[in-house]
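Below is one structure, written out as structure tokens; comments come after it.
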Amino acid sequence: MNIAAATDPLAERARAVAESATLAIDGKAKALKASGADVIGFGAGEPDFPTPAHIVAAAQAACADPATHRYSPTAGLPALRAAIAATTQRGSGLEVEPDQVLVTNGGKHALYTAFQTLLDPGDEVLLPAPYWVSYPEQVRLAGGVAVELPTDAGSGFMVTVEQLEAALTPRTKALVFVSPSNPTGAVYPPQAVAAIGDWAARAGIWVITDEIYEHLVFDGAQHVSMPVVAPLLRDRCVVVSGVAKTYAMTGWRVGWAIAPAPVTSAMIRLQSHLTSNVANVTQAATLAALDGGLDDVAVMRATYERRRRVAYEALNAIEGVAAPLPQGAFYVFASVQGVLGREIGGRRPTTSAQLCEVLLDVAQVALVPGEGFGAPGHIRLSYALADDDLTEGLDRLSRVLSVGPPDDA
Ligand code: GLU
């Protein structure tokens with residue numbers, strides 16, 4: 001008898017991997033909506049704006065070009081790799097050669113590929129928490145060990161060099177750094193980014209820096225790219241970004257990784273077995289997006305800025321909910337500790353995961369529980385949705401979470 005076939009058919013890695021909490025909530029909210037339910041989706045971080053028309057037009061034109069219908073180089077269209085290198089240099093000041101760029105199916109794919117390329121089994125990866133849901137799963141899928149470093153609102157949800165130093169071991173291979181942060185909206189000041197980058201370079205570890213929200217900063221906060229402000233790190237850094245958040249292109253699935261050329265070559269070899277080239281139509285759209293500059297995102301950012309205030313004020317007005325004012329991205333990350341145990345719609349949720357379930361059932365509002373981000377007792381709310389939906393959703397939350405008049409004793 002074949003013992004292997006007779007037991008659980010799933011490989012250990014498939015058994016162990018958890019579904020993305022953000023996509024799970026998003027899928028549930030969209031399915032409920034499609035079935036006619038009046039659900040407000042604060043779940044996945046997804047701009048409500050349509051992709052700018054000139055980008056869509058470029059994609060339509062690309063569809064009609066027979067060259068689009070064929071395989072193209074795994075690493076990306078040469079013109080797009082050059083445009084990403086040039087845009088990065090213009091934007092953050094990082095000097096990039098086109099052969100350092102790999103075009104991927106979204107930023108998520110770039111991150112996955114980076115972990116697969118850099119990590120050996122047992123390598124430790126420093127992961128400040130709260131973290132985006134996919135980082136620890138991707139680290140584990142590469143055989144790595146995610147070492148969580150907790151941060152809280154008191155420290156602005158920012159990890160310190162002291163914390164990093166204390167977690168360093170001979171097995172530490174890399175740090176995952178993200179600013180502006182998903183889920184907290186924290187933006188590290190330039191000197192903090194430089195200090196962490198210098199520390200990582202001295203420690204001899206790699207940094208995977210996720211810059212997908214680089215253009216979404218508020219109140220004069222400044223995004224800086226770690227290898228620019230910590231030049232010693234240049235040979236040990238993978239920069240990840242993409243068009244999803246900047247150009248309202250989540251569904252197009254285009255991101256990229258920028259790494260030292262030998263690492264990029266290895267990532268290309270891996271991708272050549274995995275997905276080959278990213279769809280040429282979306283690469284053409286991305287080229288148009290980058291060529292078109294940042295005027296559209298300036299308009300979107302002004303709208304997010306207004307919505308950010310609305311969400312921040314409405315959440316903090318609810319007794320038991322507390323959130324810092326986010327400086328970037330499009331999320332408010334709120335503690336709901338003071339709400340847990342309260343009766344809501346005849347139920348008494350005691351964890352943020354349960355609270356989010358109750359809020360979906362009772363108020364038809366979808367939020368992501370902090371558990372998925374390594375921060376139980378919190379919720380993440382994306383305010384990248386239409387103004388009417390935003391205010392209606394916040395009204396519902398404040399209604400169902402409001403503390404009623406005390407019972408007559
Ligand atoms: N990055 C977005 C989020 O955190 C999109 C969903 C996902 O891929 O996780 O909501």
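For the 3.5 Å distance criterion, the side chains of Ser241 and Glu214 qualify, holding a donor opposite an acceptor.
Glu137 meets the salt bridge (charged side-chain N to carboxylate O under 4.0 Å, His left out) test with Arg140; sequence neighbours excluded. Here Arg307 pairs with Asp48, Asp387 under the salt bridge (charged side-chain N to carboxylate O under 4.0 Å, His left out) rule; sequence neighbours left out.
Counting only heavy atoms from C-beta outward, the side chains of Pro136 and Leu127 approach each other to under 4.5 Å. Side-chain atoms of Arg309 and Glu313, non-hydrogen and from C-beta on, do get closer than 4.5 Å to each other. The side-chain heavy atoms of Val297 and Phe49, taken from C-beta on, include no pair separated by under 4.5 Å. Put simply, the side chain of Leu325 reaches to within 4.5 Å of the side chain of Asp219, judged on heavy atoms.
In this structure, Gln191 places its CD atom where more than 12 heavy-atom neighbours from other residues, nucleotides or ligands lie under 6.0 Å away.
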Glu46 vs Ser382, side-chain hydrogen bond (donor to acceptor under 3.5 Å, both in side chains): CA-CA, chis, key distance, verdict: CA-CA 8 Å; Glu46 175 159 65; Ser382 163; over 6 Å; no
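In this structure, the ring of Tyr331 has its center less than 6.0 angstrom from the ring center of Tyr213. Aromatic rings of Tyr135 and Phe115 (six-membered ring for Trp) have centroids beyond the 6.0 Å cut-off, not under it.
Here the closest non-hydrogen pair linking Arg234 and Val228 is NH2-CA, 4.0 Å. Closest of all the heavy-atom pairs between Gly122 and Arg171 is C-NH2, 3.4 Å.
Using cut-offs of 30° and 60° on the angle between ring planes, the pair Tyr383 and Phe218 is tilted.
Taking 4.0 Å as the cut-off between side-chain N and carboxylate O, Glu392 and Arg396 count as a salt-bridged pair.
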